[in-house]
Amino acid sequence: MRLLRYFLYRVMQMFPIALFIVIINFALIHMAPGDVSILLAGEGADPEYMASVRQSYGLDKPLYQQLGAYIGQLLQGDLGLSFRTREPVIGIIAERVPATLLLAGTALVLASVLGVVIGSFMARRPGSALDTAVTTLSISLFSIPVFWLGLMLILLFAVTLRWLPSSGMMSIAGPREGIGFVLDVAKHMILPVISLSAVWLGQYVRLARSSVSETLAEPYVTTARAIGFPERRVMTRFALRNAMLPIVTVLGLELGLLLSGAVLTETVFSWPGLGRLIYEAILSRDTPVIMGAFLIMSFTVMLAALVTDLLYATLDPRVRL
Amino acid sequence: MTPTLVKTVRATVRSWPGVLSLTVLLGITAAALAAPILSLPDPADMAFDLYQPPSSSFWLGTDNFGRDIFSRVVWGARVALMVAIGAALLSILIGSALGAVAGYFGGWIDGLLSRIFDIFLLIPTFFLILLIVALFGASLPLTIIAIALTTWPRSARLMRSQVLTLKSRVYVQAALAAGAPHWWVIVRHVIPNGIAPIITDGTILMGMAILTEAGLSFLGLGDQNMVSWGSMIFEGQRHLRLAPWMSIAPGVALLMLVASLNLLGDSVNFAMNPQLRTRGGAPKRRASVAPPKGEGPATEETPILQVEDLRLEYTVGNRRIAAVDGVSFSLPRGGALGIVGESGCGKSSLGSALLQTMPNNAELTAGNVRYDGRAIILGGKPVVEGGRSRIDALRWTRIATIFQSAMNALNPVTTVRRQMMDALRLHRPGISRADATDRISEVFDMIGIPRSRMNAYPHQLSGGMRQRAMIALSLILEPELVIADEPTTALDMLIQDQILGEIADLRERLNLSLILVSHDMGAVAESCEVVAVMYAGRIVEIAPTRRIFDNPAHPYSRTLIGALPSLTGPLEKLESLPATDTAAAAAATGCRFAHACLAATDLCRKTTPPAMNLGGGHVCECHYAEDFAAETAADKREVRA
C-alpha cells in the first residue's frame, strides 16, 4: 500500500519533467537555423508532403498552438516521419530498441555485479596498496573513450587474432533459430559488451568501494561486530545492504550516460540498435529521427529513475510519503 | 593561498597518483601551448606519403591524406584543452551562481531552482548535446556551450549544499549585519569559501567534456575546421585494418588526458578528506597469544572483569596517540562501575578496547584483561584458544553493550524484532521461531516497549524508545556484563532519567555487572557503586560513589562534580576548562592536569603524581590528594555544624 502510494506520487512528479523535455525539444527546433518545415520534412521534400507536415504541426498558427499541436501528436505516439524512409519514427525506433536493450542491459548487469563485488572487496582494506592500485585502475577504465576501446578490441580480437566477429549482431548466413542462433548472437555480443561494461566497471567499482567503506564505519556495523556476527555476515547483511541504497540511486541516475556509451559502442560494432540508428540519422540529417531518439532516450531514463525510486523505497524503509 | 589550500596541494603531490596525473597534465598542456612554435609539419598539410607506419621521420606515422599524425595529435591537444577548460569554466560559472542563489535565498527560489536541477539530472545530456549540435551545425564553440548548458546543475547542486552550510557561519552573518548587500555577500564570502569541492568536481567535469566532444566528433559531429582527437579516431576507424596507428595514437592521448584529470580530481579529493581513504574497512588481523598456563578456576570472589595497565594507541598520520594510557581497575561480580570524563579523555576507547571493537587505526599496545579469571587480553594481544578468540566466545552471551542509539547503533533497514531475532539465532542456533518470539516479547515487556512496536524500524521509534530497543537488544541473551557507552546522551532530561532508572533497576533484577561510560557525573551517580574519573587517557581518581561526591581528592573530579574548591578560587574559573589535547597532555612531564589546574605547583609540573591510596578503595593520582580529601571533609563538617 505504502509502495503503491509512493509509486503513484512519483509518477505524478514525472509529468512536469516530461513536459519540460518536450518543450526543450520544441524550443530547439524553433531556435535552430533554417525553416522548421524543412527541418521536419527534409530538404527537397515534395511540396505535397511539405504541406502535410505544415498542416499536422500547425506551422502557420501561433507558437503556443504549435506547441499544443506538437504535444497532441506526441500523445498519440506520433513522432513524425523519417524523411529518409518516410516511415513513422516511432516504428523505426521501436524496431531498434530490443538490440540496444540487449547490449546495454547485459553490460549494465555485468558491470554492476562485478563492480559491487570488487568494490566491496576493496572496501575491506581501504588505503592498502591493492586498494590504491584498483582505484587508479578503475579511474583509468572509465577514462577510456568507449568507442576507442571498441576499435582496439576489434583490432586485437577480430583483425589480428580473428577469434571474434567485428560487427553486426548475427552472421549473414548463420542460423536464425534455436541454440545455434543464440550462440551466434552471443559471439557477436562479446566484444561490444566488453567495451561497454569495461568502462562502466570502473565507475561501479569506485561507487561500491566508497559506499561500502562508508557504511563499514557506521555505528550499526560496530554493533554487529560486538554481537559477534561473522565478518562475512557483517559485510553482507549490514554493510552491503545499507550501501546498496546509494549504489542503486547512482545506477539509476547514470543510466543516461550508459545509454550514450551504448550509442557509441553500437556505432563501432555496427550493432543494429538505437545508437546505430542515431548515427545513420546524423549522417543523413534526418532530424525527426534524432529528435525522436532524444525523446525516447529521455523517457527511458525517466522510467529508469522511477524504477530506481521504487527499488529504493523497497530497500529503505525510511522512504515515506 | 589559504593554509588549507597549501595543505591540500602538499598532500596531493605527496601521493603517487597525484604526482603522476599532474606530470601528465603539465606535459600535455605544455605540448598544446608550444604547438605553434615546435617546428612540426602543418597538421592539415597533405604533404607526405599516405599510410606511412610510425618511423623515425613520422613518429606516429601518416594518415590516409598523408598528414603527419604526431603533429595532429599535438594540435588536437589544444582542442581537447579548449573544450575542457571552456566547458568546465562556463558550466561552473552558471552552476555556482544559480546554486549560490538557490541556497542563499531558500524559499520558493530554492524550490524552483532545485526542481530544475533535478530535472536536468534526468535528462540524458549526451543526447541533448547531440541534438543541439545536429540542429545548429557542428562547431567547437557551440559544442562547448552545449556541454556547459547541460552540465551546470552538477556544480549548482554542490554549491547549493555548500551555501546552505556556509550561510549560518559567523562571518557571513556579520557581513549581513554590517549592511552588506546580498549579492556582495554571495560573491565576496559565500562563493570563495564554498568553491573547493566544485573545483575538484571541475576536473571530473573537464574529463567528461573532453569525452563528450570526442564522442560527438566520432559520430561525425566534430568541428570540420579543427583537429580533434575524436575526429581523428572517426577517420581512423575506416582505415583500421590498413593503418591502425591512425586510431591508436589519438585514443591513447585521450585516455591519458582524461585519466590524469580524473586521477587528479580523486587525489585532491582524498587530500582534502584524508579519512576517505582509510575509514571503515574490515577489522584487521591482529597478533594473538595462547592462553596462559595455570589459570585457576574462578571463585565467587573472582572479579568479573579485571583490567591491568591497559594501553590503547591510535595512529593518526605519523603520530601515535595513547587514548588509553595505563588503565587498571577491577569490577566485582554484580558490581557497577561508572567511567566519567570529558569527550576525548579515552573513556569510549576504553569501552571499545574491552569489547575489542576498536577501529583499525587503534591498537592495544600493553595490558591484560581478565574476564571471570580467564585472560582475554595478555600484553595487549587477544588470547586465542582452540582457533577462536576468547572474546568472541563471550560476545553477547556474556558481555553485551549498549551504544548510544541516537548514533545509528541499530541497523536502519531492519526491524527491531528482526535484529533481536538475528542475534538470538546467531548464538542459539537451535532455538525455534516461537521460543525466540517469546523471548523477544519477554525482553520488550521488561524494558517497557509496547509489543506493538516490535515490528517497527528504528527510524519509526522515538529517541527514548530507540534507546530502549538498544537495551533490549543487549539483554536478549542474558549477559552477565553490560558495557553501556553514553546510553542517554542526546536524549532529553526526562527520558535520560527514566532510562538510567531502568538500567539501575534491571541491574538489580538480573544481577548484571555494569560499566557505564558517560560524560555526566550525575548519570553515573545513580547507577554505580564505584566511579572512575578519566582524564587524558588515565584514571586519575577512583572511589566508591559516596566518597567521590563527598571527598573528591582530585581537582579535576571536583570540577566535574561542580564542588567549590575553597583553596583554589571561585567556581566560575574552574567550570570552563581549557580544551584538553590528550596527546599533548600525555606527552608532557608531570601531572596531566597541571596545565588546567588552579592549584598546580612546580612539583605538579615536574613530577608525575603517584597513585595515592586514601583507603577504602579510594585511589587518586594527585600530589595533594590527601590535603584535598581532608579539606573537603572538613568543609562538610563545617557546613553541618
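In what follows, every chain begins at residue 1, and chains take the letters A, B, ... in the order their sequences are listed. Treat the numbers as computed from the prediction; the structure is a model and nothing was measured.
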Asker: Is A/F229 in contact with chain B via its backbone, its side chain, both, or neither, using a 4.5 Å heavy-atom distance?
Answerer: both
Asker: Please state whether the side chain, the backbone, both or neither of A/T136 comes within less than 4.5 Å of a heavy atom of chain B.
Answerer: both
Asker: Given a strict heavy-atom distance threshold of 4.5 Å, which part of B/Y457 is in contact with chain A: side chain, backbone, both, or neither?
Answerer: side chain
Asker: Minimum heavy-atom separation for A/R225 to B/G281, with atom names?
Answerer: NH2-O, 3.1 Å
Asker: What part of B/T357 gets closer than 4.5 Å to chain A, counting heavy atoms only: side chain, backbone, both or neither?
Answerer: both
Asker: How far apart are the closest heavy atoms of B/P124 and A/G256, and which atoms are they?
Answerer: CB-CA, 4.1 Å
Asker: Between B/V133 and chain A, with a heavy-atom cut-off of 4.5 Å, which part of the residue counts as in contact: side chain, backbone, both or neither?
Answerer: neither
Asker: Does any backbone or side-chain atom of A/F238 lie under 4.5 Å from a heavy atom of chain B? Answer side chain, backbone, both or neither.
Answerer: both
Asker: Using non-hydrogen atoms and a 4.5 Å limit, figure out which bit of A/L315 sits close to chain B: side chain, backbone, both or neither.
Answerer: backbone
Asker: Heavy-atom cut-off 4.5 Å, strictly under: side chain, backbone, both or neither for A/S166 against chain B?
Answerer: side chain
Asker: Which heavy atom of A/R125 sits nearest a heavy atom of B/A282, and at what distance?
Answerer: NH1-O, 3.0 Å
Asker: Assert yes or no for the condition that the ring centre distance of B/F127 to A/F294 is strictly below 6.0 Å.
Answerer: no
Asker: Do B/V258 and A/F142 touch side chain to side chain, with heavy atoms closer than 4.5 Å?
Answerer: no
Asker: Relative to chain B, which segment of A/I21 carries a heavy atom at a distance below 4.5 Å: side chain, backbone, both, or neither?
Answerer: side chain
Asker: Under a 4.5 Å cutoff for heavy-atom pairs, which residue among B/P412, B/P244, B/G265 has the most contacts with chain A?
Answerer: B/P412
Asker: Contact part of B/L477 toward chain A, heavy-atom cut-off under 4.5 Å: side chain, backbone, both or neither?
Answerer: neither
Asker: Measure across A/Y279 and B/F218 and return the closest heavy-atom pair with its distance rounded to 0.1 Å.
Answerer: CE1-O, 4.3 Å
Asker: Please flag which part of B/M256 lies under 4.5 Å from any non-hydrogen atom of chain A: side chain, backbone, both or neither.
Answerer: neither
Asker: What part of A/R237 gets within 4.5 angstrom of chain B, counting heavy atoms only: side chain, backbone, both, or neither?
Answerer: both
Asker: By a 4.5 Å heavy-atom criterion (distance strictly below it), what part of B/P283 contacts chain A: side chain, backbone, both, or neither?
Answerer: both
Asker: Which bit of B/D118 comes within less than 4.5 Å of chain A, counting heavy atoms only: side chain, backbone, both or neither?
Answerer: neither
Asker: Heavy-atom distances under 4.5 Å only: say whether A/M31 touches chain B with side chain, backbone, both or neither.
Answerer: both
Asker: What part of B/A400 lies closer than 4.5 angstrom to a heavy atom of chain A: side chain, backbone, both or neither?
Answerer: neither
Asker: Give the member of B/L261, B/V413, B/I248 that has the highest number of heavy-atom pairs under 4.5 Å with chain A.
Answerer: B/V413
Asker: Using non-hydrogen atoms and a 4.5 Å limit, figure out which bit of A/M297 sits close to chain B: side chain, backbone, both or neither.
Answerer: both
Asker: Measure the CD1-CG distance between A/I144 and B/L255 for me, rounded to the nearest 0.5 Å.
Answerer: 5.5 Å
Asker: Please report the interatomic distance CG(A/L151) to CE(B/M246), rounded to the nearest 0.5 Å.
Answerer: 11.0 Å
Asker: Examine whether an atom of B/D392 lies under 4.5 Å from a heavy atom of chain A, and if so say whether it belongs to the side chain, the backbone or both; otherwise answer neither.
Answerer: neither
Asker: A side-chain contact here means heavy atoms from C-beta on lying under 4.5 Å apart; do A/R233 and B/L426 qualify?
Answerer: yes
Asker: Checking B/E486 now: which residues fulfil side-chain hydrogen bond (donor to acceptor under 3.5 Å, both in side chains) with it, not counting sequence neighbours?
Answerer: B/T489, B/H519
Asker: Distance from B/I119 atom CD1 to A/I17 atom CD1, nearest 0.5 Å?
Answerer: 5.0 Å
Asker: So do the side chains of A/M152 and B/S247 get within less than 4.5 Å of each other, counting heavy atoms only?
Answerer: yes
Asker: Tell me, side chain or backbone of A/V268 under 4.5 Å from chain B's heavy atoms, or both, or neither?
Answerer: both
Asker: Which answer fits B/L240, side chain, backbone, both or neither, if we ask what part of it has an atom under 4.5 Å from a heavy atom of chain A?
Answerer: both
Asker: Side chain, backbone, both or neither: which part of A/Q13 has a non-hydrogen atom closer than 4.5 Å to chain B?
Answerer: both
Asker: Among B/R395, B/M208, B/Q356, B/Q237, who wins on heavy-atom pairs under 4.5 Å with chain A?
Answerer: B/R395
Asker: Measuring heavy-atom distances to chain B, does A/L149 have an atom under 4.5 Å in its side chain, in its backbone, in both, or in neither?
Answerer: neither
Asker: Using 0.5 Å steps for rounding, measure from the CG atom of B/L254 to the OG atom of A/S143.
Answerer: 10.5 Å
Asker: Quick check on A/I290 against chain B: is it the side chain, the backbone, both or neither that has a heavy atom closer than 4.5 Å?
Answerer: both
Asker: So for B/L410, is it side chain, backbone, both, or neither that comes closer than 4.5 Å to the heavy atoms of chain A?
Answerer: backbone
Asker: Which one of B/I123, B/L355, B/T397, B/L394 has the most heavy-atom pairs closer than 4.5 Å to chain A?
Answerer: B/I123
Asker: Between A/A123 and chain B, with a heavy-atom cut-off of 4.5 Å, which part of the residue counts as in contact: side chain, backbone, both or neither?
Answerer: backbone
Asker: Taking all non-hydrogen atoms of both residues, which atom of A/A305 and which atom of B/L122 are closest, and how far apart?
Answerer: CB-CD2, 3.3 Å
Asker: At a 4.5 Å cut-off on heavy atoms, which part of B/W16 comes close to chain A: side chain, backbone, both, or neither?
Answerer: side chain
Asker: Could you name the residues of residues 239-250 of chain A that have a heavy atom within less than 4.5 Å of a heavy atom in chain B?
Answerer: A/R241, A/N242, A/L245
